[in-house]
Amino acid sequence: MTTPRAARTAALIAAAKAKSARKTADAEQAIRRLIKRGERITFQAVQREAGVSHAFLYNHPELRPRIERLRTEATSPVGTDASTADSESTLVRVLSRQLADLKKQHRTEVLALRDALEQAHGENLELRRQLDRTGAAAKSRSIDR
């Protein structure tokens, strides 16, 4: 059986882990947003964007090397190998452009289909009017006989 103190300790440890995971996710999202906006990746920029402390970023075993790598890549000359973040950003731009093209194509097709539908409705109306006229003429001929 666990003691109340052990239960409280376990609850505090679980809460601390959850808080750390939330902060890590916030920092990851902040890095992605900074990259997307084309801003320089620095510890201070990530700290402001994510709302976490410098100490958290510097002491994190995964975030610190990533931020340092992104910071040095941003200052390295153009023409170096594209980073994963850059390729993700490029991929997002390419897919966004493809999506925009597909939307434009869809709008064009929908307009063409609407025009064809209007034309079909007009032809249908004209045929019904002709049918009414020929039907009325046939009725008047049968009445005259």
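Since the model is a prediction, treat every value here as computed from it, not as a measurement. Note that the numbering runs from 1 along the sequence shown for the chain.
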Those residues at least two apart in sequence (or on a different chain) that pass side chain to side chain contact (heavy atoms under 4.5 Å, CB included) with Leu102 are Gln105
In short, ring-ring contact (aromatic ring centres under 6.0 Å, His included) pairs touching residues 21-55 with sequence neighbours left out are Phe43-Tyr58
Sequence neighbours excluded, the answer for side chain to side chain contact (heavy atoms under 4.5 Å, CB included) partners of Glu62 is His60
Residue pair Leu34, Leu70: steps toward the side-chain contact (heavy atoms from CB on, under 4.5 Å) verdict: CA-CA 11 Å; Leu34 290 168; Leu70 290 169; over 6 Å; no
The reported gap from CD in Gln44 to CD1 in Ile67 (rounded to nearest 0.5 angstrom) is 12.0 Å
Interatomic distance, CZ@Arg128 vs CD@Glu126, rounded to 0.5 Å, equals 10.5 Å
Query raised in the report: Are side-chain heavy atoms of Val46 and Ile41 found at a separation under 4.5 Å?
Result: yes
Quick note, side-chain hydrogen bond (donor to acceptor under 3.5 Å, both in side chains) partners involving residues 6-17, not counting sequence neighbours, are none
Exercise. Mark yes when over 12 heavy atoms from residues, nucleotides or ligands other than Arg133 sit less than 6.0 Å from its CZ; otherwise mark no.
Key: yes
So the ring-ring contact (aromatic ring centres under 6.0 Å, His included) pairs with at least one residue in residues 11-42 (sequence neighbours excluded) are none
Residues at least two apart in sequence or cross-chain that pass side chain to side chain contact (heavy atoms under 4.5 Å, CB included) with Ala21, listed by chain then number, are none
Applying salt bridge (Lys or Arg N to Asp or Glu O under 4.0 Å) to Asp101 and not counting sequence neighbours gives Arg97
The salt bridge (Lys or Arg N to Asp or Glu O under 4.0 Å) partners of Glu123 (sequence neighbours excluded) come to none
- Message: Check whether Ser20 reaches the backbone of Ala16 with its side chain - one donor and one acceptor, N or O, closer than 3.5 Å.
- Response: no
Report yes or no: does Asn59 contribute a side-chain atom to a donor-acceptor pair with the main-chain N or O of Ala55 at less than 3.5 Å? yes
Across all chains, not counting sequence neighbours, the side chain to side chain donor-acceptor pair (under 3.5 Å) partners of Arg64 are Glu68
Residues pairing under salt bridge (Lys or Arg N to Asp or Glu O under 4.0 Å) where one sits in residues 23-38, two or more places apart or in two chains, turn out to be Glu28-Arg66, Arg33-Glu49, Arg37-Glu39, Arg37-Glu49
Quick note, salt bridge (Lys or Arg N to Asp or Glu O under 4.0 Å) partners involving residues 103-118, not counting sequence neighbours, are none
Do Leu95 and Leu91 make a side-chain contact, defined as non-hydrogen atoms from C-beta onward lying under 4.5 Å apart? yes
Exercise for review: Dump the intermediate steps for side-chain contact (heavy atoms from CB on, under 4.5 Å) on Thr24 and Val52, then the final yes or no.
Suggested key: CA-CA 9 Å; Thr24 302; Val52 298; over 6 Å; no
